[in-house]
Colleague: 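Please read through the structure below; I'll follow up with questions.
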Amino acid sequence: MSLKSDGFSLVEFLVGSIIAAIAATSIMYGVASVRKTTNLISIKEKAFEELSNYTDFWKSKIAAGEWAGTNSWTPGSEFNLIGNQKKPIKATLYKKGGVVNGNYPYPLYVLETKIIWQDREEEANIPAREMKLKVYQLEFK
């Protein structure tokens with residue numbers, strides 16, 4: 001007399017469940033990692049866009065002969081990089097610049113701008129992130 005079993009044992013079921021749990025956990029970890037990375041990339045893109053706009057604004061002021069800056073870092077506006085999160089990310093724009101070649105034939109200015117932001121304020125040991133641009137602009141008289 002032989003015993004025929006058409007199902008699977010409890011041990012086989014537990015091993016299968018453990019393998020499925022490990023696979024599901026790995027997938028969830030990967031999704032969370034990708035989400036965090038894309039969030040950081042979108043923050044950097046927004047920071048670059050704001051810095052580029054700020055730089056273009058001051059370049060136009062230099063070209064029009066309305067530069068009133070100094071050669072030391074001057075803080076500009078402070079704003080939120082990402083406003084739809086529970087904890088907004090505060091960023092500050094800075095500028096500095098001055099004349100490079102005097103008045104011949106047109107004054108040439110060097111303009112440096114930067115943006116500084118803190119990704120996660122709850123972690124005090126993480127340094128603030130910074131992005132800089134340096135451009136040259138002629139003043140048209």
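Side chains are part of it too, since the values below use all heavy atoms of this structure and drop only hydrogens, waters and symmetry mates. Remember, it's a predicted structure, so these values are computed and weren't measured experimentally.
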Colleague: Considering only heavy atoms from C-beta outward, does the side chain of V110 approach that of K134 to under 4.5 Å?
Modeller: yes
Colleague: Would you mind reporting whether L93 and F79 have side-chain heavy atoms less than 4.5 Å apart?
Modeller: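 Yes, their side chains come closer than 4.5 Å.
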Colleague: When hydrophobic residues are tied together by side-chain contacts of less than 4.5 Å, even through go-betweens, does F48 share a cluster with W58?
Modeller: yes
Colleague: Can you check whether A47's main-chain N or O pairs, donor with acceptor, with E50's side chain at less than 3.5 Å?
Modeller: no
Colleague: Hey, any chance Y106 and Y109 share a hydrophobic cluster, counting ILVMFWY side chains that come within less than 4.5 Å of each other, even indirectly?
Modeller: no
Colleague: Quick one: does any side-chain atom of S33 pair with a main-chain N or O of Y29 as donor and acceptor, under 3.5 Å?
Modeller: no
Colleague: Would you find a donor on one side and an acceptor on the other, under 3.5 Å apart, between the side chain of T74 and the backbone of S72?
Modeller: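 Looks like yes, one N/O pair under 3.5 Å.
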Colleague: Contact between K114 and M131 at the side-chain level, heavy atoms closer than 4.5 Å - yes or no?
Modeller: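 Answer no - side chains too far apart.
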Colleague: Run the numbers on E130 and K132 for salt bridge (Lys or Arg N to Asp or Glu O under 4.0 Å), then give the verdict.
Modeller: CA-CA 7 Å; E130 179 176 291; K132 290 182 179 181; 3.7 Å; yes
Colleague: Counting C-beta onward and ignoring hydrogens, is there a side-chain heavy-atom pair between F13 and S9 closer than 4.5 Å?
Modeller: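 No; the side chains remain at least 4.5 Å from each other.
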Colleague: Below 4.5 Å, heavy atoms only, C-beta onward: do I89 and N80 meet side chain to side chain?
Modeller: no
Colleague: Of all the heavy-atom pairs spanning Y94 and P75, show the shortest one and how long it is.
Modeller: CD2-CA, 3.4 Å
Colleague: Check whether NZ of the Lys or CZ of the Arg K61 lies under 6.0 Å from the centre of the six-membered ring of W67 and within 45 degrees of that ring's axis.
Modeller: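 Ring-cation test returns no.
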Colleague: State, with a plain yes or no, whether a side-chain heavy atom of I116 is found less than 4.5 Å away from one of R129.
Modeller: no
Colleague: Output, in order, the C-alpha distance, side-chain angles, deciding distance and verdict of side chain to side chain contact (heavy atoms under 4.5 Å, CB included) for V100 and Y136.
Modeller: CA-CA 9 Å; V100 175; Y136 293 91; 4.3 Å; yes
Colleague: Within the 4.5 Å heavy-atom criterion, are I62 and F140 side-chain neighbours or not?
Modeller: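 Side-chain contact under 4.5 Å: no.
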Colleague: Just wondering, do W73 and K96 contact through their side chains at under 4.5 Å, heavy atoms?
Modeller: yes
Colleague: Can you see which heavy atom on N71 is nearest to which on G98, and at what distance?
Modeller: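 Heavy atoms of N71 and G98 come nearest at OD1-N, 4.5 Å.
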Colleague: Could you go through the side chain to side chain contact (heavy atoms under 4.5 Å, CB included) check for E78 and T92 one step at a time?
Modeller: CA-CA 4 Å; E78 184 175 302; T92 307; 3.5 Å; yes
Colleague: Please round to the nearest 0.5 Å and tell me the distance separating atom OG1 of T37 and atom CD1 of I41.
Modeller: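 Answer for the OG1-CD1 pair, T37 versus I41, is 6.5 Å.
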Colleague: Spell out, yes or no, whether V135 and L138 are grouped together once hydrophobic residues are joined by side-chain heavy atoms under 4.5 Å, including indirect joins.
Modeller: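 No, it is not one cluster - the side chains of V135 and L138 are not joined through contacts under 4.5 Å.
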Colleague: Hey, what do you get for CG (L81) to OG (S42), rounding to the nearest 0.5 Å?
Modeller: 9.5 Å
Colleague: Give, for atom CZ of R35 and atom CG of L40, the distance between the pair rounded to the nearest 0.5 Å.
Modeller: 13.5 Å
Colleague: Is there a donor-acceptor pair closer than 3.5 Å between any side-chain N or O of T55 and the backbone N or O of L51?
Modeller: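 Looks like yes, one N/O pair under 3.5 Å.
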Colleague: Examine distances only and state if a side-chain atom of N101 and a backbone atom of L108 form a donor-acceptor pair shorter than 3.5 Å.
Modeller: yes
Colleague: Measure the spacing between NZ of K59 and CG of L133 and express it to the nearest 0.5 Å.
Modeller: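 Between atom NZ of K59 and atom CG of L133 there are 9.5 Å.
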